[in-house]
Amino acid sequence: MTPFDYRRAADQTEALSLAAAGHCRFLGGGTNLVDLMRQNIEAPAALVDVSRLPATIDVTSEGGLIIGATARNSAVAAHPVVRAQYPMLSRALLAGASAQIRNMATVGGNLMQRTRCSYFYDAAGSRCNKREPGAGCDAIDGLSRNHAILGTSEHCIATLPSDMCVALAALDAIVHLDGPMGPRSVPLLDFHQLPGTTPHIETVLRPGELITAIAISPSAAAANSRYRKVRDRSSYAFALVSVAAGLDVADGRIRDVRIALGGVAAKPWRAVQAEDVLRGEAPTRENFLRAADVELAAAKPTEANAFKIELAKRTMAAVLGDLTGAGA
Amino acid sequence: MAIAINGTDYSLPDDPRVSLLDLLRERIGLTGTKLGCNQGACGACTVILDGERVLSCLTLAVQADGRAVTTIEGLSKQGDMHPLQRAFIEHDGLQCGYCTPGQICSAVAMLGEMRRGDPSYVTADLVAGLGSTTREEIRERMSGNLCRCGAHHGIVEAIEEQLVGDAA
Amino acid sequence: MSKLQNAIVGGVRTAMGYVPSSWLPGGTRDPLIDKRVTLGTQQSRVDGPDKVQGVARFAAEVRMDGLVYAACVHSTIARGKITELDLAAAEAAPGVVLVMTHRNAPKLALPPPIGMTNLKAAGNNILPIMQDADIRWNGQTVALVLAETQEQANHAASLIVVRYEQAAARTRFEDAKADATTPDSLMIERNRLKRGDTDAAFRNAAGSVDAVYRTPWHNHNPIEPNAATIAWQGDRLIVHDATQMLNGTAGSLAKVFGIKDTQVFVSSPFVGGAFGGKALWDHQILGAAASKLAGRPVRIALSRASMHRLIGGRSQTEQRVALAADATGKLKALLHQGFSVKPPHSVCDEAFTLSGRSLYESESYDIVQHTLDLDLLANTFMRAPGEAVGTFAIESAMDELAHDLGIDPIALRLRNIGDTDPVSGAPHSQSDLRLAYELGAKKFGWDRRAATPKSRQDGEWLIGMGCATGSFPYVRMPGMSARITIDSNGHATVSSAAHEMGMGTATVQRQHAADRLGLPLDYVTVRIGDTDLPFGSFAGGSSQTASLGAAINAASAKLAGDLLRLAGNDTPLAGLRANEIEFANHGLRKIDEPSRYESFASILERASRSEISAMGESGAPLEILKFSMHSRSAIFCELRVSEVTGEVRVTRLVGAFDCGRILNPKTATSQFRGGMIMGLGMALTEETLLDKRNGRIMSASMTDYHVPVHLDVPEIDVLWTDIPDPRTPMGARGIGEIGIAGVAAAIANAVFNATGKRIRDLPLTPDKLLSD
């Protein structure tokens, strides 16, 4: 770990002014950043600790939620409104990491999680375009079983490991930011970037900009939602594939449907095409599989991760099937 | 500028790189908290920070400024073991003993989470919360603490005994 | 090993055939088999309070004045030469005390390799360490940094720049097969076994199977990383190590540094899990060398990534098993062949072909295995080396054959187990796999298994049952010694350089010594864990309980004689010979006249002695050459496989073990379960990922190497036959490794029963079950 200055911000204003000094990272729970610094992947000159900024979870008059960026993952997962009205978010959070890490990790930090590609992590011995732009990618022709199948480029096939973001993508969450150029909001779906030719640019966050809150709005589909994570071991493992889905069926027709996939791309993959296929149709297994086929048609797997296509399709259809039958 | 560890105040390290784990083990000499992976993947370094279980390997010591840490050494009171420590011995919830302090600290805090009804990934009904406590619930909640010797059964039984104690 | 060794072992075996059993170790039935007081009872661990309170002290927790911390820099190529080392930034970094590379490392001899003839050897990776610019595997230590804090050492290590001239490296298993070599022997067995006409057997078979099974690299991944705290006191080397080979480590370090064994002190009272991975590797040597150069004590606690680069694991294997049987299931041919990796600098044959031929009688055999030389870190022993992976292949094949013949898999196995050793014809010392299957099948409810695959389902989950046999040989090591000291209060202390890695060594040997000496448990203390104690052999091959048991038994016999002499003539014991007395009730008495008795305290007081000590040693294990001595198990598994995702969830395991007498049911149950859980990991998730392009391990973390978590671990019932082995101390055989054997096959067989899919390639991950 490269030496750094540590500053704790008393409030948001101080956080932003401390960050203005440059080459700093905001520190939340540290569950990913501290590890990345220890692995010599990140070496900020300063850490601005924002973990003690107020961790509020406010319920709006419409039943929406404004979740402060420093709210702990565990607190959000256990929040009664999240459990009742946004079950996919609660489950996605509970599917992530371990209880200890969920107690530490903040919502803002979760958004900023970096990939678990083992070549990215091997700073000493492997090439990675994320770590070192232009260096090359050892994953593409290497051990790529866990890697992305959608939205990849010839420069990077890494996945975003977050579970929470998959649910937030399905919920059309809004990310609130504040920074040197003032506050702004970004849809979560636009927050993470696909690799393209710049895999080292992972989000739209500008220098010095701080995530302040996440907002989600209620819907029938959000209330009738699920999250299913498929992984190599039954707990405490990153997803091979995960599916967050919400379904609103009226008069035998799908009125609203939200589907996002995890473990398949560098961002939470909102299954827009599948949703388009399903909207207005009957909630049948055939339709679910057809929608999944359409969504995964563009997948570009490696030999080692081609199974994710079939896995994603089946899991998507199964989760939608469960939602058809069940309340929540 | 201090951390209260098992009720005693300790000053913060000069070097902000020092993890809470290294502060405990190398600087204060509280080696009951174990280093397993040093990257948040095994749970051996679990301590209780302001009542909640966290990983001391991923916590910078400076982040714990002004907060209260309980380690395995702090669970025994006046030489009397915590009931869970006794239960671990009775149910043989340990073999080599290296993951044990982390398992115990994790379980002590986990019992608090279960008692206040926090759900887990395997909780069937998120709204209704915990019904009767199943071993599956304990197993999922303890999955952040790896044990390589395979003492899982004794660990789960020892924890379950505490919950049964609750019900009685 | 060599042809010569085959000849010697063969010759001794032949001679043993003529020697009466009573002349051999184990020739006389250990009286403790029939007179147990505390043995066989549930006893909590004596070190439990220390462990649950975090007081038990591990290697990286020893405090020393002036301690400096080490960090390793690893090579990033598999073969070549270091051409440039830029150390300036590291040497200038805050807190740095020393940067050691091949340029300034002291001259170090090769460590002596672990072997069966040299108990003072613990070397695993027999290569020059930092003696030249050569790179021999991807991950080799090219520089070691010492600094005042671990943070400073780690940071300085990251500043070192190394440039290489790369040479062609052999890193692909497939490519190396063309140059495979064939060892003459595996452990003490001949490698090749060709008997009868296997071709004819296959031509005439009513049922047969011929398949290739693959197992990947595995790593031990104990939760405690390999670590040592090292200091030189003059020319004396002090090593607080995490090791299962105390005296081996001391002897090896003495050779490496050109000093006497007695100048090396190794201490390891508690080891945080070992499983074969805690012997001598490069880090202890590097730490001691750097300590010498710096003149400071050194803590070298490997990071999890460094562990994967410096501590070898279980070799990948590729195994062909072909079986032919008649319509009744009687085996006509057993063919087991294949490959594992063993570079010349490795000490471990992954002897996967030994279990099948020790288990099953067949009219013909064709068995041989080959080793591959790759530019990799040495492979090594990992829990049940050979048997863990060998039973996966042979027991999967037996299941396939049973399915092919339409015979119940248990019936097929029982039809083929031998009354004597299938190959040598030697009698079993004790063997009752049949009873293990009976007990296990009843407990498990095997009769509820549907013979037709894919016939039980619960929603998306396909349900299946499977079974398999496990096997592990009995090993007792010679040279293990123990001292028994009895003090004037009649309290006994047993001491030996034995090891505690979670087995409950002190707990069980306290029971043993109490029963042996006629004392209650609280009159016995067991001291283990450092080389100031009587010489210990390694804790490996599930041998320690038997070896230490034999040593304590020998010491107790010596002690009885010494006490008798010390008692003199003014005692009720006067005039008795050693073979007429026994230990009982805090003293000695005449066997057939219990009233002729004197207590230890009384004998010592009369002789004005504060204590008396006697030493004993485990002698040559000739019994294993005369008898076929193996532990066996019947493993049962019930599981669910998701039709949607291919995820496998094991719901129940039952293990029924035939391992002689069980000495402490509480700790034994834990050990059996522990082995089975490691088998569960091997079956479902564990795989060390090696990038074939450059031999780099890409799963160098516990995030990427998946050991089972709590939620993976189902209910596990453990049963045992508890039939004493009349040839072993206390009637017991080792139980540390047998637990893992057979588990992966039982799980794979249950997956077949659930899904109709036969997966022959571990681990059984969802991707393999998704494909049709």
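Below, chains carry the letters A, B, ... as their sequence lines are ordered, and counting in each starts from 1. Note that the coordinates shown come from a computational prediction; the quantities given were computed from them, not determined experimentally.
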Item checked: Top contributor to chain B interface from C:Ser303, C:Ser44, C:Ala305 [non-hydrogen pairs under 4.5 Å] -> C:Ser44
Notebook entry, point to check: Relative to chain B, which segment of C:Val713 carries a heavy atom at a distance below 4.5 Å: side chain, backbone, both, or neither?
Noted result: both
Checklist line | Shortest non-hydrogen contact from C:Lys666 toward B:Glu90 | finding: NZ-O, 2.7 Å
Next item on the list: Please look at B:Val122 and chain C and tell me whether the side chain, the backbone, both or neither of the residue comes under 4.5 angstrom of a heavy atom of that chain.
Entry: side chain
Check: With distance as the sole criterion, is a donor-acceptor pair present between the side chains of C:His710 and B:Gln103 under 3.5 Å?
Finding: yes
Item checked: Top of C:Gly273, C:Gly681, C:Pro49, C:Ala274 for chain B proximity - count of heavy-atom pairs under 4.5 angstrom -> C:Pro49
Margin query: With a 4.5 angstrom heavy-atom cut-off, is it the side chain or the backbone of B:Leu84 that approaches chain C, or both, or neither?
Written below: neither
Next item on the list: Select one option (side chain, backbone, both, neither) describing which atoms of B:Arg17 are under 4.5 Å from chain C's heavy atoms.
Entry: both
Note to self: Quick check against the 3.5 Å criterion: does B:Gln85 have a side-chain atom that pairs as donor or acceptor with the backbone of C:Val52?
What the structure shows: yes
Notebook entry, point to check: Who wins among B:His91, B:Met81, B:Glu73 for the most heavy-atom pairs under 4.5 Å with chain C?
Noted result: B:Met81
Note to self: Between B:Leu75 and chain C, with a heavy-atom cut-off of 4.5 Å, which part of the residue counts as in contact: side chain, backbone, both or neither?
What the structure shows: neither
Next item on the list: Look at the side chain of B:Ser143 and the backbone N and O of C:Leu711, then say whether any donor-acceptor pair between them is shorter than 3.5 Å.
Entry: yes
Check: Looking at C:Glu61 and B:Arg25, does any basic side-chain N land under 4.0 Å from a carboxylate oxygen?
Finding: yes
Check: Just how far is it from atom CG of B:Leu94 to atom CG of C:Asp47, taken to the nearest 0.5 Å?
Finding: 7.5 Å
Margin query: Among B:Leu146, B:Thr100, B:Ile138, which residue has the highest count of heavy-atom pairs closer than 4.5 Å to chain C?
Written below: B:Leu146
Note to self: As an exercise: rank C:Ile677, C:Val709, C:Ile223 by heavy-atom pairs under 4.5 Å with chain B and give me the winner.
What the structure shows: C:Ile223
Notebook entry, point to check: What part of C:Phe672 gets closer than 4.5 Å to chain B, counting heavy atoms only: side chain, backbone, both or neither?
Noted result: neither
Next item on the list: Taking B:His153 for its side chain and C:Pro714 for its backbone only, find out whether a donor-acceptor pair lies under 3.5 Å.
Entry: yes
Next item on the list: Please report the C-alpha distance between C:Lys51 and B:Tyr98 in whole Å, then the side-chain angles of each, then the deciding distance to 0.1 Å, and finally whether the side-chain contact (heavy atoms from CB on, under 4.5 Å) criterion is met.
Entry: CA-CA 8 Å; C:Lys51 287 176 174 174; B:Tyr98 197 80; over 6 Å; no
Next item on the list: Would you check if there is a donor-acceptor pair between the side chains of C:Gln53 and B:Ser76 at a distance under 3.5 Å?
Entry: yes
Margin query: As an exercise: rank C:Pro225, C:Ala60, C:Gly48 by heavy-atom pairs under 4.5 Å with chain B and give me the winner.
Written below: C:Pro225
Notebook entry, point to check: Of the listed residues (C:Gln150, C:Arg383, C:His220), which shares the most heavy-atom pairs with chain B below a 4.5 Å separation?
Noted result: C:His220
Check: Is it the side chain or the backbone of B:Thr31 that comes within 4.5 Å of chain C heavy atoms, both, or neither?
Finding: both
Note to self: What part of C:Arg57 gets within 4.5 angstrom of chain B, counting heavy atoms only: side chain, backbone, both, or neither?
What the structure shows: neither
Next item on the list: Check step by step if side-chain contact (heavy atoms from CB on, under 4.5 Å) holds for B:Glu26 and C:Thr149.
Entry: CA-CA 9 Å; B:Glu26 301 296 341; C:Thr149 71; over 6 Å; no
Margin query: Under 4.5 Å from any heavy atom of chain C, what part of B:Asp92 do you find: side chain, backbone, both or neither?
Written below: both
Item checked: Under 4.5 Å from any heavy atom of chain B - which part of C:Gln42 -> neither
Notebook entry, point to check: With a 4.5 angstrom heavy-atom cut-off, which part of C:Ile716 approaches chain B: side chain, backbone, both or neither?
Noted result: both
Notebook entry, point to check: Checking C:Thr669 against chain B: side chain, backbone, both or neither under 4.5 Å from a heavy atom?
Noted result: neither
Notebook entry, point to check: Shortest non-hydrogen contact from C:Pro708 to B:Arg148?
Noted result: CD-NH1, 4.1 Å
Notebook entry, point to check: With distance as the sole test, does B:Arg139 use its side chain to make a donor-acceptor pair with the main-chain N or O of C:Asp712 at under 3.5 Å?
Noted result: no
Check: Taking all atoms of both residues into account, what is the closest heavy-atom pair of B:Ala41 and C:Thr703, and its distance?
Finding: CB-OG1, 3.4 Å
Note to self: Could you go through B:Arg27 and C:Glu151, starting from their C-alpha distance and side-chain angles, then the distance that decides it, and tell me whether this counts as salt bridge (Lys or Arg N to Asp or Glu O under 4.0 Å)?
What the structure shows: CA-CA 12 Å; B:Arg27 287 163 172 79; C:Glu151 292 79 11; 3.5 Å; yes
Notebook entry, point to check: Between C:Met702, C:Arg673, C:Met501, which residue shows the highest count of heavy-atom pairs closer than 4.5 Å to chain B?
Noted result: C:Arg673
Item checked: chain C contact via B:Cys37 - side chain, backbone, both or neither, heavy atoms under 4.5 Å -> both
Check: Given a strict heavy-atom distance threshold of 4.5 Å, which part of C:Phe58 is in contact with chain B: side chain, backbone, both, or neither?
Finding: side chain
Margin query: To the closest 0.5 Å, what do you measure between CD (C:Gln671) and CD (B:Gln95)?
Written below: 6.5 Å
